[in-house]
Amino acid sequence: MALSDYLTTFGQYLKAKHGEKIYKLSLHADVTCPNRDGTKGIGGCTFCNNKSFFPNDMDPNTGITEQIESNVERLHVKTKARKFLAYFQAYSNTYGELKYLQELYAESLKPDCVIGICIGTRPDCVSDEVLALLNRIKDLGYEVWIELGLQSAHDKTLDAINRGHSFADYQDAVRRIQLYGINVCTHLIAGLPGENKQMVLQSWQRVMNEGVQGVKWHPLHVVKGTELAKQYSRGEYQTIDRDTYIDIVGDALVQTPKEVIVHRVMSTVARKELLLGPLWTEDRWPVMSGLEARLKQAHKKAV
Ligand code: SF4
């Protein structure tokens, strides 16, 4: 048995829709974030160090086409994959001049093997112009996903981690994205400062109430060079332990409707040398098997 026996994983959804396994190509664009450049704030979210997304050996000036070519080659050798999604993860990838974004998305979709695009961003920088652009891409037949970083539906927590946006901003973004029929995947974090299980599940429920198409789970990582790392070293923040993570995310997964696509249940940082904790996140397999056992148990009870 695997997680996909109990819920709809992103891989499963893509395979059913496109007839074969599709892989994501992580790409890094020349963008920033309004919570870093002074528009919303300086310094960003307390946990943010975008370097943790960048592989060690990657030159930050590498162009998109070059990134695609090397990623495709590597993934093809490893998995024999033939089709891919361009995935812009770090920073806010809908934030910037429309012309630049248009060229960026177009370049990423140029190779025949790229069948769609996933764009990571924050709820307060999804303009109607960018949505219209993504809608045109969707209408050309590409798979299009906006990955919205929400992390928590509690404004008190959003303030504490210096997100610079509210839950109402998220609701507004989801409503406008859905007017275009573009898929939304919401990112949630378990283990945020001051949050207990009940609060995380409330966030998940509020996200479900918005009718999003997908959800992605992360444990909160403490990464070097962040405000959270300072809080952690002063003993003001304690990381979530593995069993608690499995318990909370497991409960949410058990209740997640089959039509909601689970993009990820656990994340790791790309650059291990930046990770201060929780160190159990370096090995995702015990989490995967813990979640699987949790889902299996719930499934048995239901039948
Ligand atoms: S919104 Fe994203 S990129 Fe911007 S500071 Fe927060 S985590 Fe970093």
Side-chain angles (χ1 to χ4, degrees), residues 24 26-55 58 60 87-97 100-101 104 118-127 130 145-174 177 184-195 200 203 207 212 214-232 237 239-240 263-264 266-271 274-277 281:
K24 272 173 143 180
S26 281
L27 304 174
H28 299 282
D30 184 16
V31 291
T32 178
C33 163
N35 202 21
R36 291 194 154 271
D37 70 2
T39 305
K40 275 291 174 93
I42 295 172
C45 305
T46 57
F47 57 81
C48 176
N49 179 348
N50 277 282
K51 280 187 196 145
S52 64
F53 295 124
F54 286 73
M58 191 187 134
Y87 178 33
F88 293 99
Q89 181 177 19
Y91 297 110
S92 304
N93 295 283
T94 53
Y95 184 59
E97 292 288 329
Y100 170 73
L101 296 174
L104 174 71
C118 300
I119 300 191
T121 191
R122 18 183 304 129
D124 58 352
C125 59
V126 188
S127 70
V130 174
W145 283 85
I146 295 183
E147 298 202 10
L148 278 185
L150 172 65
Q151 324 310 357
S152 169
H154 299 279
D155 285 344
K156 197 174 148 202
T157 307
L158 296 176
D159 284 346
I161 58 174
N162 196 37
R163 281 292 292 178
H165 67 73
S166 63
F167 182 63
D169 289 328
Y170 165 80
Q171 288 177 299
D172 174 60
V174 171
I177 295 168
V184 184
C185 169
T186 300
H187 291 214
L188 285 169
I189 291 180
L192 287 166
E195 291 214 342
V200 182
S203 291
V207 165
V212 298
V215 67
K216 192 183 253 190
W217 284 99
H218 309 271
L220 183 59
H221 292 115
V222 184
V223 172
K224 287 179 190 168
T226 63
E227 186 55 36
L228 185 67
K230 291 181 196 158
Q231 294 168 357
Y232 182 61
Y237 170 72
T239 56
I240 189 169
H263 286 233
R264 197 183 278 173
M266 152 85 190
S267 60
T268 52
V269 297
R271 290 181 56 180
L274 294 179
L275 180 71
L276 293 173
T281 60

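Each residue takes its place number in the sequence, starting with 1. In each ligand, atom 1 is the first atom listed, and ligand 1 is the first ligand listed. Remember, predicted model here, so these are calculated numbers, not experimental data.
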*Look at the aromatic rings of H263 and W145 and report parallel, tilted or perpendicular, splitting at 30° and 60°.*
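The rings of H263 and W145 stand perpendicular, inter-plane angle above 60°.
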*Give the residue and atom name of whichever protein heavy atom lies nearest to atom 1 (S) of ligand 1, and the separation in Å to one decimal.*
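The closest heavy atom on the protein side is R122 NH1, 3.3 Å.
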*Of the protein's non-hydrogen atoms, which lies at the shortest distance from atom 2 (Fe) of ligand 1, and what is that distance?*
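Minimum-distance protein heavy atom for atom 2 (Fe) of ligand 1 reads R163 NH1, 4.3 Å.
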*Please list, chain by chain and in numerical order, all residues satisfying ring-ring contact (aromatic ring centres under 6.0 Å, His included) with Y87, sequence neighbours excluded.*
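Counting only residues at least two positions away or on another chain, Y87 forms no ring-ring contact (aromatic ring centres under 6.0 Å, His included).
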*For Y91, which residues count as a ring-ring contact (aromatic ring centres under 6.0 Å, His included) partner, sequence neighbours excluded?*
none
_Under 2.8 Å from atom 8 (Fe) of ligand 1, the protein N, O or S atoms, given as residue and atom_ =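 Within the sphere that stays under 2.8 Å of atom 8 (Fe) of ligand 1, the protein atoms of type N, O or S are C48 SG.
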*Results of salt bridge (Lys or Arg N to Asp or Glu O under 4.0 Å) for D159 - residues two or more places apart only*: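 Salt bridge (Lys or Arg N to Asp or Glu O under 4.0 Å) check on D159 returns nothing, list empty.
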Donor-acceptor contact present, side-chain [X] to main-chain [Y], <3.5 Å:
X    : Y    : answer
D155 : F167 : yes
R163 : R122 : no
N162 : T46  : no

